[in-house]
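None of the values given here were measured: they were computed from a predicted structure.
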Amino acid sequence: MTKVKSPLGIILSLLLILTSLPLTLTVLAETSDDGYLTYTVTDDEAAITGYVSIPEGGELVIPEKLGGYPVTAIGEEAFYYCSALERVVILDSVTSIGRYAFRSCASLVTVIIPDSVTEIGENAFYDCISLKDLTISDSLTKIESFTFSNRTSLESVVIPNSVTIIDSYAFSYDTSFKSITIYDNVISIGTSTFRNIDADAFIYGHEDTAAEEYATANSITFVALCRHTDTEIVGYIAATCTEDGYTGDEVCIICGETVEYGEVIAALGHTDDDEDGVCDVCGLSNH
């Protein structure tokens, strides 16, 4: 004989199933308190989905929080074709920038991407023809295809040490380029990554690396960087009882470049172990 559950038993069973499922809270189409941005909230994290307007002067600071939730993402096409945007400062709560997020922002000149950002989608800054001042996150491991390509005004770029892969066409058709610096950590540079850049541009990097291989294969002038294998300390100053000292700078003997700047050594202060009123180190009395 089959036992039929009571209505209360069925309800309790359903509640048990529902409470075992992962809970995701999503709020759609919320607008920021300042009226500039729209965003969604998922699992207590905000993602910017678009904008209502841009502050006067064209500068936008991506806030750390919206509606009390940390902003962790700038979504796909969030600022697509936003002609009023001139400068973007992203605060360090953001970890990802979606595909096409700033595509074709024709007036965008300056972008500061903090080290908290670990992912930037392809075409994120494609066709930003005024982009001239770019700070890239030192936490990226890959620069996707077409991320910064097509007629930007970038004259130089330094690929962060964290990057290991630069995909095809990532900086292609950026005809203003004069210099590109690529360090040892980059092991793969895609086809046509720097296609159609300025004919007089240089790629700076270390010998026997992906940077040199790419430059040679694409007839781009390669300039070898010094590896600073032989250094010395310059400018050391010992601290005294009353005067600060300096640890000195680490300077490459081969190329003369300062590899690491030193630090101030705090004044030592007087020592009077025998309590005779005279410093045991410098001989100064009445201290």
Side-chain angles (χ1 to χ4, degrees), residues 55 57-65 70-72 86-95 109-118 120 131-141 143 154-164 178-186 202-209 211 223-287:
E59 178 172 343
L60 179 66
V61 177
I62 302 297
E64 290 186 335
K65 289 187 177 182
V71 177
T72 59
E86 297 180 14
R87 188 173 191 268
V88 175
V89 178
I90 302 170
L91 300 185
D92 58 11
S93 61
V94 176
T95 60
V109 175
T110 302
V111 177
I112 299 174
I113 304 172
D115 291 346
S116 59
V117 174
T118 58
I120 301 177
L131 183 58
K132 190 172 185 178
D133 183 10
L134 174 65
T135 301
I136 304 177
S137 164
D138 201 15
S139 297
L140 282 179
T141 57
I143 299 178
L154 290 169
E155 294 185 2
S156 65
V157 67
V158 176
I159 305 300
N161 282 318
S162 58
V163 173
T164 59
K178 302 298 181 187
S179 71
I180 304 151
T181 302
I182 305 172
Y183 293 110
D184 291 18
N185 287 352
V186 174
F202 294 85
I203 288 182
Y204 294 86
H206 294 127
E207 294 177 333
D208 302 319
T209 61
V223 179
L225 294 175
C226 181
R227 292 182 182 274
H228 309 312
T229 54
D230 193 2
T231 63
E232 63 180 349
I233 299 299
V234 175
Y236 169 78
I237 302 173
T240 68
C241 295
T242 57
E243 300 289 333
D244 291 342
Y246 189 67
T247 60
D249 302 326
E250 183 181 5
V251 177
C252 179
I253 295 173
I254 300 170
C255 69
E257 182 178 336
T258 299
V259 177
E260 185 175 358
Y261 288 97
E263 298 177 347
V264 172
I265 305 171
L268 304 176
H270 295 294
T271 301
D272 186 11
D273 292 337
D274 55 10
E275 299 182 354
D276 63 352
V278 177
C279 177
D280 300 337
V281 177
C282 68
L284 184 67
S285 60
N286 301 319
H287 50 276

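- The shortest heavy-atom contact between Thr231 and Val259 is CG2-CG2, 4.1 Å.
- For Ala267 against Asp244, the heavy-atom pair with the smallest separation is N-OD1, 2.8 Å.
- Using a 4.5 Å heavy-atom cutoff, the side chains of Ile203 and Ile180 are in contact.
- With a 4.5 Å cut-off on side-chain heavy atoms, Glu59 and Glu86 do not count as touching.
- Between Asp272 and Asp280, the closest side-chain pair of non-hydrogen atoms falls below 4.5 Å.
- Environment of OH in Tyr246: crowded, with over 12 heavy atoms of neighbouring residues, nucleotides or ligands closer than 6.0 Å.
- Judged purely by atom type and a 3.5 angstrom limit, Ser116 uses its side chain to pair as donor or acceptor with the backbone of Val94.
- Counting all heavy atoms, side chain and backbone alike, Glu207 lies closest to Arg227 at O-NH2, 3.0 Å.
- Nearest heavy atoms, Phe202 versus Val223: CD2-CG2, 3.5 Å.
- Ser137 contributes a side-chain N or O that, together with a main-chain N or O of Pro114, makes up a donor-acceptor pair within less than 3.5 Å.
- By the neighbour-count criterion of 12 heavy atoms within 6.0 Å, atom CD of Glu260 is sparsely surrounded, having that number or fewer from other residues, nucleotides or ligands.
- A donor-acceptor contact shorter than 3.5 Å is absent between the side chain of Thr72 and the backbone of Thr95.
- Closest non-hydrogen pair, Glu64 versus Asp92, comes out as OE2-OD1, 3.2 Å.
- When each of Val111, Ile112, Val61, Leu60 is checked for a side-chain contact (heavy atoms from CB on, under 4.5 Å) with Arg87, only Ile112 meets the rule.
- Pro63 approaches Ser93 most closely through the heavy-atom pair O-OG, 4.0 Å.
- Residue Glu243 qualifies as open at atom CD: its count of foreign heavy atoms under 6.0 Å is 12 or below.
- With a 4.5 Å cut-off on side-chain heavy atoms, Thr181 and Leu225 count as touching.
- Under the 3.5 Å distance criterion, the side-chain polar atoms of Thr164 are left unmatched by any main-chain donor or acceptor of Asn185.
- At a threshold of 4.5 Å between non-hydrogen side-chain atoms, the residues Thr247 and Ile265 count as touching.
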